[in-house]
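The block underneath contains the structure these notes are about, expressed in structure tokens.
FYI, side chains are in, hydrogens and waters are out, and symmetry mates aren't considered; it's all heavy atoms of this structure. Residue numbering restarts at 1 for every chain, and letters A, B, ... go by the order of the sequence lines.
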2 protein chains.
Amino acid sequence: MALKRSSTAVQVKELLLERILDGTYKPGERLIELQIAEELQTSQAPVREALRYLEAMRLVETEPYKGTRVRVVTERELEESSQVRSVLEQLACELAAPKLKGNCAELQAEADKFMNAARKKDFATYSLHDTAFHRLIMQAADNQLLLSIWESVVLESRFLRILAKIGGENLVEFGDAHLVVLEALEKGDGKTASKSMRNLICKFHGLKI
Amino acid sequence: MALKRSSTAVQVKELLLERILDGTYKPGERLIELQIAEELQTSQAPVREALRYLEAMRLVETEPYKGTRVRVVTERELEESSQVRSVLEQLACELAAPKLKGNCAELQAEADKFMNAARKKDFATYSLHDTAFHRLIMQAADNQLLLSIWESVVLESRFLRILAKIGGENLVEFGDAHLVVLEALEKGDGKTASKSMRNLICKFHGLKI
DNA sequence: TGATTCTCGATTATCGATAATCGATTTTTA
DNA sequence: TAAAAATCGATTATCGATAATCGAGAATCA
């Protein structure tokens, strides 16, 4: 029963992470150590450690004596992360295909949910299940490093911004493209799945490759 | 002239990083905060922050109240990192090809050096220039995220361990495989370069894909 | 004896205080 | 008056001290 407690620093990290992702802290906003420490009834040291984690995750930037800010992700960086994501997911499809052959019930369930949301133009729900769909594939690939890099890249390319770019009109089309991947995986055809996945990410994220 | 000072924590991080990579600290070895602090004439706090950086880089592992150890990279994880590396470099070749078309002098220089080392079975020199060769391509891809992930993955898959697996006998063959990539890049043929690169990494790192 | 509890030194986790630095504002100076 | 210097509040960087916890061995007990 490895229920491990976690240090204050880790808890602070989790909280700050959540707040950065849900937009409580906006891009560019300063994170003031003593303010956070006081709010969370702790001291400066654990907060600083938490910020070092987030810095390594590229979610915040720190300059000596100037403090820490939520990183502003530029359009260019968003493109960069989509490029990287496309090959990470391509690899995941190849690796996951054998395991998912004839075993795609969970994937199908998520696909149903995001297709439903797509028809209703419900971005939030769409995003939730789309991400879950992709994460299932990443997990099935059974490569810890791949998964952990993917998680951090997905954080970087805040999904909602990508969806905004795709636009409500194309949401169904975008969802449909996922079904091709799903079919290929169901058949265990990693080659097709990985190609389709890469195309889907590149196409809808506006990459030319 | 952005010569920025760096905090004690960053300096400590750099030092520990160096020592982990050059083997001063062996895998599994404990890093004791107050010991390091005393050695470096600083206090515990900056050392802890440095360890948080290294933790996020997956170079060390920390358990609450048990301390921090240099991570032991298993054979399995080495494979995982090679898989990831193969697609990162594949992408880099695609992206870098236009820029490197007819502009591969630097790459050629590194290739000459590692081929020379390969013939002499000089692992250390080989490793140096092989890494430089790959890094030039990664840099030419002009994607900061890709580069930074690649750097961390390369750290993870300590190169010398990979080379040991390849063995002195095959070093020349391994080096030769790089020349195919080089030729394709020189022609600006990203498709061929990226395929050859992926094959080369997979084949010599013992992956089946 | 074999298992359990207790004790203790080592180490990590956290805190509160102080030093160093920043940026903005005010004051001084030429 | 415009530039330079001094000042000041806010914040980060670092330190030293203390609390919490761990692991290993000693002591205890059945």
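Note on A/T42: a side-chain N or O is less than 4.0 Å away from OP1 or OP2 of C/dC15. The side chain of B/R30 places an N or O atom within less than 4.0 Å of a non-bridging phosphate oxygen (OP1 or OP2) of C/dT12. Contact between the side-chain N/O atoms of A/R48 and the OP1/OP2 oxygens of D/dT12 is not found at any separation under 4.0 Å.
Atoms CZ (A/R69) and P (C/dG23) sit 10 Å apart, rounded to a whole Å. Rounding to whole angstrom units, CD of residue A/E38 and C1' of D/dT11 are separated by 14 Å. For the pair A/E63 CD and C/dG23 C1', the computed distance is 13 Å after rounding to whole Å. A/L34 places its CG atom 14 Å from the C1' atom of C/dA19, with the value rounded to the nearest Å. The distance from atom CD of A/Q41 to atom C1' of C/dC15 is 13 Å, rounded to the nearest whole Å. B/R52 places its CZ atom 10 Å from the C1' atom of C/dA13, with the value rounded to the nearest Å. Computed from coordinates, the A/E55 CD to D/dA13 C1' distance equals 14 Å when rounded to whole Å. Following rounding to the nearest Å, A/Q11 (CD) and C/dA13 (P) show an atom-to-atom distance of 13 Å.
Ring geometry, B/F174 versus B/Y126: the interplanar angle falls from 30° to 60°, so the pair is classed tilted.
Each of B/I149, B/L146, B/L145 was compared with A/S81 under the side-chain contact (heavy atoms from CB on, under 4.5 Å) criterion, and only B/L145 meets it. For the side-chain contact (heavy atoms from CB on, under 4.5 Å) with A/M197, the lone residue among A/E94, A/R85, A/H134 that qualifies is A/H134.
Considering only the side chain of B/S7, D/dT14 comes nearest among D/dT14, C/dT14, D/dT12. With D/dT11, D/dA13, C/dA13 as the candidates, the nucleotide lying closest to the side chain of A/Q44 is D/dA13. The nucleotide whose nearest atom lies closest to any side-chain atom of B/Y65 is, among D/dA13, C/dT11, D/dC22, D/dC22.
Residue contacts shown for A/L51 are absent, as no nucleic acid heavy atom lies under 4.0 Å away. Using a 4.0 Å heavy-atom cutoff across all strands shown, A/I32 reaches sugar-phosphate atoms only and no base atom.
In summary, A/E110 and A/R135 do not engage in a salt bridge, as defined by a charged side-chain N under 4.0 Å from a carboxylate O. In this structure, B/E49 does not pair ionically with B/K13, as no charged nitrogen and carboxylate oxygen lie closer than 4.0 Å.
Comparing A/K66 and A/T8 against DNA chain C, the residue whose closest nucleotide sits nearer the 5' end is A/T8.
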